Amino acid sequence: MNFELTINPIKDITSDIEIIIVVDKNLEHRFVEDIELLEKSGFKAGQDETCLLIEKNRLYVGIEEISSTNVRTAIATAIKTLISTSYTTIKIASYMNHPKCTAVIRAMVEGFVLGAYSFDKYKTKKSELSIESITISLEDYNEYELDIEKCAIAMSNGQTVAEATNFTRDIVNTTPEDCYPEIMADIAQSLANKSELECKILKPKELRAEKMETLLAVARASRHKPRVIHLTHKPKDAKAIVTIVGKGLTYDSGGLSLKPSDYMVTMKSDKSGGSAVLGIMKAVSEMNLPIEVHGFVGAVENMIGGDAYKPDDVLVAKNGKTIEIRNTDAEGRLVLADTLAYAQQEVKADYIFDIATLTGASVVGVGHYTSSVMGNSEEVKDIVIKAAKISGEFATKLDFNRYLKKSIKSEIADICNISSTRYGGAITAGQFLEEFIDDDHKQKWAHIDIAGPAFVEHAWGENPHGASGAGVRLMMRVIEGLARQS
């Protein structure tokens, strides 16, 4: 889809169809021309409710009030309504909640791109979206005078980040037979070849040299050898340095602590954190943000076999700490332990974030749609929470406490890879990761558990069935915010 911004009034724009947003059920604003027809059709203009008037070539969609979140989901719903039609061009007016705030324009573009997403790689009949171009008029609902240059930047950024989110969705949705550690490394290298990103790939020989034994143990029973990926965006005169580490379990069988068969379905999604890092690096490079960003991915497959690591093993992590294994299905934290240690060795960052589908406990605690944010610094956690709200993702804080930390104590090693209690598992997993954050980064780190929103088996908001690309929009808002602050 191509986007165009114009100062021309909406009536002067030629298109196949117009999308009109109805705000707070107000059918009497100047963009609405079909009040009688809408009333006859039973259109109540509730949030995300649509009414397609084919004879008028107009699609109406309701929102409760003008906000980025409401507009994003409404537009996503609108574009889904048009997917099976033959319309090729769309026009829409602007709906701003402040004359100088362009966030709603960005959200509108994100809604179009995210809502139009489909994954049909494995279908014989491919989905077809006929929409080719979308024209956004700066004629505004509230009659604000809008700055076209600022709106153009918002439109461009929205398209870049949404397309990076869809890029991430594609990786996550790809089956484990077609996306394994070597393929993730190839994707990273391809990104670097097409951009100014630097790419370094560690293979088993280099991983052994780096003493990344916990990561190697998880990978041991798979025919697909592990990779650690390091992508770097290094602009001149960078205002800050950010490290992002992603869990890239291309498939997780649970290892010898084998998952029940029902729980193995969708485990291709265990690479969501690593996939998000690739999407983030794509967007950062394309936007050329003045922040030095390092993306690390621990890409591993956790399988069973005669060489599998076992409960009762004691592994030595890269930072020298020993880990008692009590459950081989708590493997993501082992991969992250070594990848975090390696990332901190390679980069002294101002901020370090890890993104992972780490625990089912996070889903139990905060639901399918929300990420859990943990760490030692309230300031860093608040940066993530604020960015989530702006981006349209949901996130909430889970606080560490010293009593839960005692539950990952081991009698035979420095730490155990699972808790001795069935409760608070998201927090104890975060506290496990804390053991692999060095003193220089303790107050600069946040852990983001995306197990809830990363892969949901029904459509919600602007997200389709399957991969949502969770973490990409959130982290891009974090990085953009740091660029503005510095």
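We count residues from 1, following the sequence as given. Small disclaimer: the values here were computed from a predicted structure and weren't measured.
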No-hydrogen, no-angle side-chain donor-acceptor test under 3.5 Å, [X] and [Y]:
| X | Y | answer |
| --- | --- | --- |
| Glu198 | Thr232 | no |
| Asp178 | Tyr122 | yes |
| Asn302 | Ser253 | no |
| Asp449 | Thr359 | yes |
| Ser130 | Tyr87 | no |
| Tyr117 | Asp170 | yes |

message: Going by the rule side-chain contact (heavy atoms from CB on, under 4.5 Å), which residues pair with Ser285 if we only count those two or more places apart in sequence or in a different chain?
response: Ser195, Leu197

message: If the condition is side-chain contact (heavy atoms from CB on, under 4.5 Å), which residues does Ser15 pass it with, not counting sequence neighbours?
response: Thr89, Lys91

Please identify each residue that fulfils ring pair (Phe, Tyr, Trp, His ring centres under 6.0 Å) with [X], with sequence neighbours left out.
| X | answer |
| --- | --- |
| Phe43 | none |
| His441 | none |
| His465 | none |

If you measure from the Lys or Arg side-chain nitrogens to the Asp or Glu carboxylate oxygens, is any gap between [X] and [Y] under 4.0 Å?
| X | Y | answer |
| --- | --- | --- |
| Glu462 | Arg473 | yes |
| Asp350 | Lys444 | no |
| Glu33 | Arg58 | yes |
| Lys259 | Asp329 | yes |

- prompt: Excluding sequence neighbours, so at least two apart, what forms salt bridge (charged side-chain N to carboxylate O under 4.0 Å, His left out) with Asp338?
  reply: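 Checked Asp338 against salt bridge (charged side-chain N to carboxylate O under 4.0 Å, His left out); zero matches.
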
For [X], does the [atom1] atom sit with more than 12 other heavy atoms under 6.0 Å from it, leaving out its own atoms?
| X | atom1 | value |
| --- | --- | --- |
| Lys126 | NZ | yes |
| Glu36 | CD | no |
| Ile148 | CD1 | yes |

task: Let me know which of Thr243, Ile241, Ile383 forms a side-chain contact (heavy atoms from CB on, under 4.5 Å) with Tyr351.
output: Ile383

field: CA sep, side-chain torsions, deciding dist, call: Tyr95, Tyr141, ring-ring contact (aromatic ring centres under 6.0 Å, His included)
entry: CA-CA 5 Å; Tyr95 295 80; Tyr141 173 83; 5.7 Å; yes

field: Worked check of side chain to side chain contact (heavy atoms under 4.5 Å, CB included) between Tyr251 and Met264
entry: CA-CA 9 Å; Tyr251 189 73; Met264 281 197 222; 3.3 Å; yes

field: Check against ring-ring contact (aromatic ring centres under 6.0 Å, His included), Trp460 and Tyr369
entry: CA-CA 9 Å; Trp460 55 286; Tyr369 313 107; 4.9 Å; yes

task: Measure the shortest side-chain to side-chain distance between Val109 and Phe3 over non-hydrogen atoms and say whether it is less than 4.5 angstrom.
output: yes

message: Could you walk me through whether Ser133 and Asn2 satisfy the side-chain hydrogen bond (donor to acceptor under 3.5 Å, both in side chains) test, starting with their C-alpha distance in whole Å, then the side-chain angles of each, then the deciding distance to 0.1 Å, before giving a yes or no?
response: CA-CA 5 Å; Ser133 65; Asn2 295 314; over 6 Å; no

- request: Evaluate the criterion salt bridge (charged side-chain N to carboxylate O under 4.0 Å, His left out) for residue pair Arg106 and Glu480; output intermediate values, then yes/no.
  value: CA-CA 14 Å; Arg106 175 167 173 165; Glu480 291 176 68; 2.7 Å; yes

